[in-house]
Amino acid sequence: MITLKEALKLKNEEIEDFKKDLLKKIDEKKELNAYIDVKDYGKGIPIAIKDNIQVDGWEITCASKILKGYIAPYNATVINKILNAGLSPFGRTNMDEFAMGSSTESSCYGKTINPKDFTRVPGGSSGGSAAVVAAGIAIAALGSDTGGSIRQPAAFCGCVGMKPTYGRVSRYGLAAYGSSLDQIGPITQNVEDAAILYDIISGYDEKDSTSANIEYKKVSTNLNPDRKLKIGVVPNYIKDASNSIQKAYEKAIEALKKEGHEIVEVNLMDAKYDIAAYYITAMAEASTNLSRYDGVRYGYRAEAKNLKEMYSKTRSEGFGEEVKRRILLGTFVLSSGYYDAYYIKAQKVRHLIKDEYKKVFEDVDLILSPVAPDIAFKFGSKKTPLEMYLSDVYTIGVNLAGLPAISLPVDESEGLPVGLQLIGKHFDEQTVFDGALSLERALK
Ligand code: GLN
């Protein structure tokens, strides 16, 4: 598959030919179930779009029955931005329902298959976006990351996935899951393409009240893999990861040393606190965000005798099991009797996590961390919701603290890719990309 950088040099007729060819390839790989729908928005380099980002005139369902038939009435800001840059939406990709999950098994369209091993999950929730890039049926894709949903599927499928600083990319037109955590970001074939796509979608947007109104400097034209950086490694973090992850971690450290970076050991609070704080926060926000799906304003509406019955039947029939679980738990932690004990406490822990990263970043430029405790797992292997939540242990701290991070393939194990992530300071995406480019180069 050609890279985004190469595609940007194509002439219009060449892009049209490329798309025809791409359609054939997509058809050949239908069994992956990675695209929900293949549609061409118009002239431009085709980019795959996760099904929770609005494209004017296209159905947007967040892989949920409750939104079936809902047509987006406007473009998300990121869509307008890619159109302005000569790119265009080409197909909607599969995902966990409302981006809640780590395996793309909870979609109302059925699971997506990992192109590297058909018995394993592609990761989630942006599993479709990662699978299409890894399978060579998309040049690049957009995903969203609330607690790892760009970085973890990228790691499981063997591509590059980047989560920008909170506030860097507009959330306008992204179906909200956990509004204080959500960010849209690129999934690509390599680090440079990630920087290019990141540049295209970033910047202040007055339509998003949490968008950061600060100066934006392009990163892709300033990439410098020769910078010597101070990179923190976290021994107390990786001791619980699988052997394949630990091996990849050692390999990455050696490669970074060879590139001339300084490696120092840092200590981060036990990541089990991240899990608790994240799931309380994300579920609380999800329960309020998803209250809008009432059968009146969007998509699916159940037959009923009166309004109250219509609300409850629509929601009972429209939402899947995991989404319902989160609405219930989220409502519980926000209820007056438990608000202080759970929600407020989670916010306090979130603050501690943020402060801790801040302290570590006084001394280092980047932190090297696993993305997941293991390589892509088998379908159905996570037996309980808690087991699934625990697999997010390495990614969610970054969202709680609002930091930028990039996941890239570092090693292979059992024929599957092993990805690791580099985490950076707020709004210091330049260093994140420089470090990642240097690591990518060293591993070639
Ligand atoms: N797996 C996490 C969750 O289920 C993260 C999902 C995401 O980033 N959208 O909440």
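Counting starts at 1 for both ligands and their atoms, following the listed order.
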Could K65 and Y300 be counted as a cation-pi pair, given that NZ or CZ must be under 6.0 Å from the ring centre and within 45° of the axis?
-> yes
Taking K218 for its side chain and D199 for its backbone only, find out whether a donor-acceptor pair lies under 3.5 Å.
-> no
So which protein residues pack against ligand 1 under 4.0 Å, heavy atoms counted?
-> A99, M100, G101, S102, S125, D145, T146, G147, G148, S149, Y177, Y278, Y279, R326, D392
Residue set satisfying side-chain contact (heavy atoms from CB on, under 4.5 Å) with N236, at least two apart, ordered chain then number -> V234, N267
Side chain to side chain contact (heavy atoms under 4.5 Å, CB included) test vs Y177 passes for just one of T146, N289, D96, L290, namely T146
Sequence neighbours excluded and cut-off under 3.5 Å, please list the side-chain donor-acceptor pairs for residues 148-157, or say none.
| unit_1 | atom_1 | unit_2 | atom_2 | d |
| --- | --- | --- | --- | --- |
| S149 | OG | S125 | N | 2.7 |
| S149 | OG | S125 | OG | 2.8 |
| R151 | NE | D145 | OD2 | 3.0 |
| R151 | NH1 | T395 | O | 3.2 |
| R151 | NH1 | Q421 | OE1 | 2.9 |
| R151 | NH2 | D145 | OD1 | 2.9 |
| R151 | NH2 | D145 | OD2 | 3.4 |
| R151 | NH2 | T395 | O | 3.1 |
| R151 | NH2 | N399 | OD1 | 2.7 |
| Q152 | OE1 | G124 | N | 2.8 |
| Q152 | NE2 | S102 | O | 2.9 |

Would you be so kind as to tabulate the donor-acceptor pairs closer than 3.5 Å made by side chains of residues 269-276, with sequence neighbours excluded?
| unit_1 | atom_1 | unit_2 | atom_2 | d |
| --- | --- | --- | --- | --- |
| D270 | OD1 | K272 | N | 3.0 |

